[in-house]
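A quick note: this is a predicted structure, and the numbers were derived from the prediction, not measured.
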Amino acid sequence: VGRYRVYGDIVHESGLAETLVSDVEITLSSIAYGASADKGEPDDAWMARAPVGEANEAILDDGTRMTWLRPDSGLVAGSDASLRFAVATSDSTPLALEPYMGMPAHAVVVRDDGKVFIHLHPQGTISTAAQRSFVMREIGDTIAGRLAQRLANDTASHIVHGREGMGPAIADTVAFPYAFPEPGRYYIWVQAKRQGRVITGVFVATVASAR
């Protein structure tokens, strides 16, 4: 139970991405109601675990280790953050990853006051949906709703045929291009996929002011 910040990434038909922000209060009564509802497929893309200080390593539920290859020089606002992470077994054997929602991995960076939020991919901030909107655009798509319908059909096809999670194995190390815009304390969530299951590591970072 408690109060949560909710961020929703959406992509308009034009390909323009937008982040919606809200708050929600979870009570015991809402949990009881949710427990009686039809759960459908199990959701493994969440976690409820506090990070251990500013450790460079996160031990996941299945024993997998996710390590942040953090630079020794520290993190400074406006400079390359070197968000590079490696995934391995408990005995340090590197683990190959699988595509997750069309990407090698995903990361979310949030400042502790909620004033900074970013959803990152190894290719940058552009989403799969935005990329598809540009690739699938045709001359007649100046008519509102025409491209949106094809995008919806394409997304449904990926889900039905299971193609989102398919593809060749990915290296055990993933990196995200990013520079923290302001100093402060940040939380970083990194999600990847292995053996058909989403794994999530959470890290804490203190970012200094540029001198």
Side-chain angles (χ1 to χ4, degrees), residues 7-11 15-19 41-47 49 51 55-71 75 79-110 116-136 151 154-181 186-205 207:
Y7 301 89
D9 284 335
I10 65 171
V11 177
L16 175 68
E18 183 178 7
T19 299
E41 291 295 322
D43 180 12
D44 58 4
W46 64 277
M47 67 170 294
R49 185 191 309 115
N56 292 338
E57 185 175 88
I59 306 298
L60 311 186
D61 292 336
D62 63 353
T64 299
R65 297 191 309 175
M66 184 179 291
T67 304
W68 180 6
L69 307 177
R70 194 188 308 222
L75 300 170
S79 299
D80 179 16
S82 296
L83 297 183
R84 188 164 169 260
F85 302 85
V87 181
T89 62
S90 57
D91 63 358
S92 301
T93 302
L95 291 173
L97 303 175
E98 303 163 9
Y100 174 42
M101 294 195 297
M103 296 286 179
H106 300 256
V108 165
V109 178
V110 180
V116 176
F117 169 89
I118 188 68
H119 178 183
L120 296 171
H121 305 126
Q123 293 88 340
T125 57
I126 186 168
S127 68
T128 303
Q131 291 179 29
R132 285 180 182 164
S133 71
F134 297 134
V135 171
M136 296 177 64
L151 286 169
D154 180 69
T155 300
S157 176
H158 274 71
I159 294 173
V160 169
H161 297 291
R163 290 183 291 168
E164 275 292 347
M166 303 299 288
I170 300 168
D172 63 295
T173 301
V174 292
F176 305 88
Y178 188 62
F180 292 94
Y186 289 81
Y187 294 95
I188 304 167
W189 287 269
V190 180
Q191 286 194 319
K193 195 171 187 178
R194 62 176 297 265
Q195 298 181 338
R197 181 183 179 188
V198 177
I199 55 175
T200 305
V202 59
F203 303 86
V204 179
V207 178

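Side-chain polar atoms of Thr19 and Asp9 form a donor-acceptor pair below 3.5 angstrom.
Checked against the 6.0 Å centroid threshold, Phe203 and Phe85 count as a close aromatic pair. Proximity of the aromatic rings of His121 and Phe176 is defined here by a centroid distance below 6.0 angstrom, and this criterion is not met.
Residues Val109 and Tyr187 have side chains not in contact (no heavy-atom distance under 4.5 Å, counting atoms from C-beta outward). A heavy-atom distance below 4.5 Å is found between the side chains of Pro181 and Val116. Residues Asp80 and Tyr178 have side chains not in contact (no heavy-atom distance under 4.5 Å, counting atoms from C-beta outward). Leu83 has its side chain within reach of Leu120: a pair of non-hydrogen atoms, C-beta onward, lies under 4.5 Å apart. Residues Trp68 and Arg84 are not in side-chain contact: their nearest non-hydrogen atoms beyond the backbone lie 4.5 Å or more apart. Using a 4.5 Å heavy-atom threshold, the side chains of Tyr186 and Val204 count as separate. Between Val108 and Ile188, the closest side-chain pair of non-hydrogen atoms is not below 4.5 Å.
A donor-acceptor contact shorter than 3.5 Å is absent between the side chain of His106 and the backbone of Val190.
Taking every heavy atom of both residues into account, Arg65 and Thr89 meet most closely at NE-O, 3.4 Å.
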